[in-house]
Amino acid sequence: HLKYLYLGWNNFIGHLPSQFGDFKDLEILDLGSNLISGPIPATVGQLSSLRSLSLNGNNLSGIIPESIGQLSNLEDLDFHNNRLDGVVNELHLANLTNLIFFELSLNKLVINVSASWVPPFQLVAIHLSSCKVGPKFPNWLRTQRNILFLHMSNAGITAEIPHWLPDVLNITRELHLSSNMLRGNIFEIVGKNTPRLYQLSLFGNNLSGDISNFTCMFDGLVYLDLSKNQLSGRLSPCWGLQNTLNWISLGDNKLNGRFPNYLCELKNLQVLGLHKNGLNGVLPKCLIGLSYLGILDLSDNLFTGRIPPFTRGFKVINLERNYFTGDIPWQLCHNSKLQYLSLAHNNLSGGIPPCFSDFSHMWANSSFGSYPTDYWRTLFFVMVVNIKGISLEFTTSLQYLFSIDLSSNALEGQIPKGLTRLVQLQNLNLSRNKLIGKIPLDIGNLRYLESLDLSNNKLLGEIPRSISNLYFLSRLDLSFNNLSGPIPSGNQLSTLDDQLVYRGNHALCGAPLLKVCSRDENNEGDSEGGFVVNWFYSGLGSGFAVALMGLCGILHVNRSWRIYYFRMVDRTIEKLSIGRMITMLWFKRAFQLQLRK
């Protein structure tokens with residue numbers, strides 16, 4: 001007579017048992033967030049009293065049995081985040097007259113129902129992200145009047161926006177239609193008919209429209225992602241009135257005009273992405289007052305002037321590909337939680353602040369903290385990162401990336417030794433500047449470094465041997481500097497055998513370059529921490545001399561041994577080739593002279 005069974009958020013493994021049919025009174029079955037694998041047994045359809053079935057967050061595979069459609073009392077069906085595949089058709093849904101929550105996201109399912117099908121239910125929550133729903137917008141949605149949550153991102157929808165969609169969304173609170181190829185004007189989806197939205201995600205579509213006064217139509221908007229579309233306009237003062245907003249992502253559009261100062265009124269703002277637009281002007285200092293702002297991406301715009309002295313708890317600052325001038329503000333060092341900083345491709349001058357070593361989140365003993373918003377568990381910020389010589393798009397994995405990119409500026413001075421304290425760094429790019437001095441000797445401390453680019457500077461001296469301790473290094477570029485001496489070898493460096501890594505350093509020698517190091521150059525290379533090696537070879541030479549003198553002394557005292565030795569040498573000479581014979585005669589003559597002495 002069991003009615004309620006809650007076993008979620010454990011570590012149960014194995015397959016689901018097939019004896020579910022015996023539990024005729026079971027109303028709630030929650031096995032979500034475990035490690036259960038295998039198929040969903042067809043006997044689940046015999047749980048005639050079941051109102052809630054949660055199998056989400058497991059490793060279930062195979063098809064969804066059609067017997068699910070027999071659960072006429074079912075209100076909540078949650079299979080999201082598994083490995084289910086196959087087709088969901090009308091038979092799966094035919095008798096689910098009480099269904100309210102329909103959650104199949106993050107599977108490989110295909111939703112295949114006819115265009116004329118009328119569902120027997122009125123849904124409140126629809127979660128079909130990453131399922132194949134398109135290419136057309138599902139026509140059965142127009143029958144729904146109670147939708148509060150609609151998530152159909154990455155659903156393969158490539159059609160025009162249907163005219164009836166705004167009528168369906170008039171009470172909707174969360175709308176996620178990202179990563180489709182919806183075509184049309186954004187106001188054909190949202191607008192005055194959808195004032196209750198607090199989450200809106202439409203990134204990665206082909207939507208157009210002027211969004212200058214976009215936020216004036218909403219009351220209580222919290223999360224907004226319209227990036228990667230064709231939207232245009234200048235952000236009006238309306239944007240400063242939505243003080244509930246804590247996430248704004250408008251990157252990769254066609255916005256223009258100056259940075260809107262009214263965004264500084266959004267005191268709860270945690271994420272701001274305006275990258276890859278046509279915004280210009282000087283950044284207002286009022287940005288410093290946004291105490292909760294943790295992710296700032298203003299890259300690929302036309303901003304000028306100095307970088308504001310950001311002193312708050314940023315995790316991500318991306319200002320690359322603008323026209324900023326002046327020094328790097330030392331106040332950035334107060335961002336102890338910073339793990340991603342890119343100021344590349346600007347007109348910055350001066351030196352690299354030595355206090356960059358204060359980025360304690362990059363130290364060896366630092367731990368991963370949560371992102372500045374709890375949304376990262378279900379949502380993500382998309383950012384393009386130039387790393388390892390290519391552009392990569394980071395989403396949920398951005399929170400695990402540690403990177404500093406100051407390339408393509410006019411920075412001077414030496415590389416601060418304190419940078420080697422940032423052990424968590426995976427990418428360090430200081431290329432195309434005017435840096436001088438030597439590469440820090442303990443560069444090998446950056447043991448998680450995957451990409452190191454110091455090319456096109458004025459660095460001199462030898463390449464530190466500790467660089468061979470970078471076991472994760474897959475891209476290295478030290479070209480076009482004034483480096484000299486032998487190239488270190490061993491460990492991970494043996495896999496980086498491209499001569500282009502070291503080109504433009506005419507005083508370098510050793511593999512993989514064709515230039516062979518002289519004895520002096522090798523000795524100079526050994527001087528750095530090579531005292532033990534030099535001592536070994538010195539001892540080896542003196543030991544050989546002592547042994548030779550001992551042999552000569554014995555032959556000089558013992559006449560019979562001396563006669564035997566020279567006879568043996570004569571026999572050996574007879575057996576050798578002419579070239580080797582000359583060498584041996586020379587050695588014999590030198591030995592006789594030594595004996596006479």
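For reference, positions follow the sequence shown, starting with 1.
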Check ring pair (Phe, Tyr, Trp, His ring centres under 6.0 Å) between [X] and all other residues, then give those that pass, not counting sequence neighbours.
| X | answer |
| --- | --- |
| F303 | none |
| F310 | F314 |
| H127 | H151 |

Does anything in [range] pair up under side-chain hydrogen bond (donor to acceptor under 3.5 Å, both in side chains), and if so which pairs, sequence neighbours excluded?
| range | answer |
| --- | --- |
| residues 20-44 | H1-D25, E27-R51 |
| residues 228-238 | N213-S236, K228-E393, Q230-K254, R234-N256 |
| residues 83-106 | N89-H92, E90-S114 |

So for atom [atom1], which belongs to [X], do other residues, nucleotides or ligands contribute more than 12 heavy atoms lying within a distance under 6.0 Å?
| X | atom1 | result |
| --- | --- | --- |
| K337 | NZ | no |
| D219 | CG | no |
| F23 | CZ | no |

Which word best sums up how the rings of F472 and Y448 line up, parallel for under 30°, tilted for 30 to 60°, or perpendicular for over 60°? tilted
Whether F121 and F102 hold their rings parallel, tilted or perpendicular, with breakpoints at 30° and 60°: tilted
My understanding is that only residues two or more places apart in sequence, or in another chain, count here; which of them pass disulfide bond (SG atoms under 2.5 Å apart) with C131? none
Pair L406-I404, side-chain contact (heavy atoms from CB on, under 4.5 Å): steps then yes or no: CA-CA 7 Å; L406 306 178; I404 293 179; 4.0 Å; yes
Can a donor-acceptor pair be found between the side chains of [X] and [Y] at a distance below 3.5 Å?
| X | Y | value |
| --- | --- | --- |
| S403 | N427 | yes |
| S227 | D252 | no |
| H80 | D78 | yes |
| Q424 | H361 | no |

Write down the atom of [X], the atom of [Y], and the distance for their closest heavy-atom approach.
| X | Y | answer |
| --- | --- | --- |
| N386 | S391 | OD1-OG, 2.5 Å |
| I387 | S451 | CG1-CB, 4.4 Å |
| L293 | V271 | CD1-N, 3.9 Å |
| E320 | D405 | OE1-OD2, 4.5 Å |

Would you check if S249 and F203 make a side-chain contact, meaning some heavy-atom pair closer than 4.5 Å? no
Does any part of the side chain of N180, heavy atoms only, come nearer than 4.5 Å to the side chain of V133, both counted from C-beta? no
Excluding sequence neighbours, so at least two apart, what forms side-chain hydrogen bond (donor to acceptor under 3.5 Å, both in side chains) with [X]?
| X | value |
| --- | --- |
| N253 | none |
| S397 | none |
| Q19 | none |
| T215 | none |

From R196 CZ over to E174 CD, what is the distance, rounded to the nearest 0.5 angstrom?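 Those atoms lie 15.0 Å apart.
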Output for pair (L473 CG, R447 CZ), nearest 0.5 Å, gives 15.0 Å
Do V423 and W363 pass the side-chain contact (heavy atoms from CB on, under 4.5 Å) test, and can you show the C-alpha distance, the side-chain angles, and the key distance before you say yes or no? CA-CA 5 Å; V423 176; W363 294 352; over 6 Å; no
Of all pairs that satisfy salt bridge (Lys or Arg N to Asp or Glu O under 4.0 Å), the ones with a partner from residues 180-191, not counting sequence neighbours: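 Of all non-adjacent pairs touching residues 180-191, those that pass salt bridge (Lys or Arg N to Asp or Glu O under 4.0 Å) are E160-R183.
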What I want to find out is whether E450 reaches K388 closely enough, with some N-O distance under 4.0 Å, to be called a salt bridge.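 Looking at K388 together with E450, the answer is yes, because their closest N to O distance falls below 4.0 Å.
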